[in-house]
There are 2 protein chains.
Amino acid sequence: MVRTASDHIPRAGTVSTDGVTTIAEVARQAKVSRATVSRVMNGHATVDPELAGRVREVAARLHYSPSRVARSLSLGRTQTVGLLVPDLGNPMFQQVLRGANQAARRSGYRILVADSIEEPQREAELAIEARRQCDALILCSPRMPEPELVQVLDATRPVVLVNRELTGSDVPTLTVDYVHGIRAVAQHLLDLGHRTLLYLTGPAESASNAARLAGLRQWQADHPEVKIEDVPCGSMIEDGYRAVDVVLDSGATGVIAFNDLVAFGLLGKLDEAGVNVPGDLSVAGFDDIDFARYARPSLTTMSVPQADLGRQAWDQLQALLQFPGQTAPGPTYFRPRLVQRASTGPAGSTS
Amino acid sequence: MVRTASDHIPRAGTVSTDGVTTIAEVARQAKVSRATVSRVMNGHATVDPELAGRVREVAARLHYSPSRVARSLSLGRTQTVGLLVPDLGNPMFQQVLRGANQAARRSGYRILVADSIEEPQREAELAIEARRQCDALILCSPRMPEPELVQVLDATRPVVLVNRELTGSDVPTLTVDYVHGIRAVAQHLLDLGHRTLLYLTGPAESASNAARLAGLRQWQADHPEVKIEDVPCGSMIEDGYRAVDVVLDSGATGVIAFNDLVAFGLLGKLDEAGVNVPGDLSVAGFDDIDFARYARPSLTTMSVPQADLGRQAWDQLQALLQFPGQTAPGPTYFRPRLVQRASTGPAGSTS
DNA sequence: TTGTATGCGTTATCAT
DNA sequence: ATGATAACGCATACAA
């Protein structure tokens, strides 16, 4: 929007037309130049106390506060970082958001959220688009194929990658050691005497699901005496809910759900079906969301420091913003911790 | 940041120093004016197909995309709305965010999140500060005192208020009929034969807690035969967890928790304590978060359409953005619905 | 110390 | 239909 130059006021005297006061207006009323106002507002240089006082007084009276947009344009930074997640409805990503937001806030940054759930296939596009509005990006659990990911990372840096790995990239990466994690769960179930396990897989595009599968294969190789089956399921409560028949038909005595959400759904339906957990069937989840311990029976799961992922993501980003050239120290692994609760128990304790 | 004018390139020929291509660069390479490039990019006017093609070709080759910041400054709008919530960790607000984000996204808007949990006393400040970065604001469950709220609403409009009422304001307001809701729960418990009820209150500053209390008083007046006590508790899982002693000592047979989180915590601790729910004690929540039906026993609660609140908040905001003068049609009430599940049952069925 | 001038990248007005 | 140019609001190098 351009104002007509019908009023022959010189640029320096531009007066706000709408409700918002501008630096020019403050300058005019304080009888100083805009530069001086700017200096005062930013605590810059040593400006005459007399003038500074006048400026501050006028600024306060007019409720003046510099335009973030204009400031962003001039400074070349927005003090905003984008966060792209696959599903804002998932507690895992909510926690990452929460952690990142808190950390960013402390440094005076804000977070712009982007949720790709409506159009997962446009994930890459969304990332790049979001990035154009901020100074950096946190890419959480991107589902896009690797070649695309490489391009996106390159197009959006500074960027940090959360919950997905990319070999040969210098992008700071925070990831969970799902391979170890899933092995720990399997071992836990074996220790309880379970010889027939079932893994309810997550979304096919999910890298963390692939990692879990890989871990399971590894572990299987070391334990040929155990039968492990995996069936497609999903990542949401409903997916677990619907999986109950497959689970019961499988003959498995121990079930590992892709995540706690799935485990929750499964537990719910099992209860309705009158199946005793862990008497008839042991169920383990993954993530340790807040509600896991309040499930009935309380959910055995691998604890992932979700908010920490967010916090650290911000830390890495901030480092990158300060020292742009800095190369990444390789992926940072968060090792999940087995939290043994009541949903898993000795094999064949009832039945 | 100002570039030294050491290169005597006239403004129209400004060349990008950093990685990002500007409109000027595209204009130069396409041998047209910046105005034309702008027109092409925005599908404006009818520009010669020949030129348009050239421009598009160059733009594509250079991966040009208009700067959102510059665009915002010129247009006077950011295509971004702020959302302030008291606690991003609360499923209720997460759903509001999710709903609002989805709706906003469909209209090409993004959401900037702000969480006041770290400094609740600076809520007003945060709201105003967030608003300076966007075109509008969604104020969700503000805890600030009324006089302050009035000022904030005035300073941040266009703004819509969610989950709090303010009489005499023309700000679009979306609120839940907690008064009705809490009465419905109480009645439900009475219908089950409970004569001694306990309400675990939420945060003192919470308007929705006040509404619940008011509803409870009303209902009490109509039912003098029932004994209702209320004790301070909180809004988080841990608060409910810690309330178990008070609950057991109260002698109440029916408990109404401020929200589902509190109910969850209480259920968890009750289970540990070996208390049978609903045999010994009935417990009801509020909100109907996703997990409520997966609690054990599944949680009886008042269902609040959380994501809808977010979606409608956006709708109202959009209307306001289009027709700024438009006055609000008074508060929109969402009437919560009783969802009867397994955590409430007949009084004295065990014990 | 303060003011002047210019640049940030875009859109829109106005003349051509 | 196209181009030159002002304007959005702010920050800063440079001159005074």
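The basis for the numbers below is simple: all heavy atoms, side chains too, and nothing from hydrogens, waters or symmetry mates. Please read all numbers here as calculations on a predicted model, not as lab measurements.
C:dT10 atom P lies 12 Å from atom CG of B:L75, rounded to whole Å. Computed from coordinates, the B:R132 CZ to D:dC8 P distance equals 16 Å when rounded to whole Å. Taking atom CE on A:M41 and atom P on D:dG9, their separation rounds to 15 Å, with Å as the unit. C:dG3 atom P lies 10 Å from atom CG of A:D48, rounded to whole Å. The separation between A:R28 atom CZ and D:dC10 atom P is 15 Å, rounded to whole Å. Separating the CZ atom of B:R71 from the P atom of D:dG9 is a distance of 17 Å, rounded to the nearest angstrom. In this structure, B:R34 atom CZ and C:dC8 atom C1' are separated by 12 Å, rounded to whole Å. For the pair B:E50 CD and D:dT2 P, the interatomic distance rounds to 9 Å; values are reported in whole Å.
Dashed line: the shortest gap from a side-chain N or O of A:S38 to OP1 or OP2 of D:dA11 is under 4.0 Å. In this model, the phosphate group of D:dT12 is approached by a side-chain N or O of A:H44 to a distance below 4.0 Å at OP1 or OP2. The side chain of A:S33 places an N or O atom within less than 4.0 Å of a non-bridging phosphate oxygen (OP1 or OP2) of C:dG3.
With no hydrogens or angles considered, a side-chain donor-acceptor pair links A:R61 and A:Q29 at under 3.5 Å. Of the N and O atoms on the side chains of A:T332 and A:Q312, not one donor lies less than 3.5 Å from an acceptor on the other residue.
Of the residues A:D48, A:V26, A:V47, A:V55, the one that meets the side-chain contact (heavy atoms from CB on, under 4.5 Å) test with A:V32 is A:V55.
A:S72 comes within contact range of no nucleotide atom at all, as no heavy-atom separation falls under 4.0 Å. Within 4.0 Å of A:T36, counting heavy atoms only, lie sugar-phosphate atoms of the nucleic acid but no base atom. Residue A:V32 is classed as a sugar-phosphate contact, given heavy-atom separations below 4.0 Å to backbone atoms only.
Comparing D:dC10, D:dT12, D:dT2 against the side chain of A:I23 picks out D:dC10 as the nearest.
Map A:V69 and A:R39 each onto its nearest nucleotide of DNA chain D; the residue landing nearer the 5' end is A:V69.
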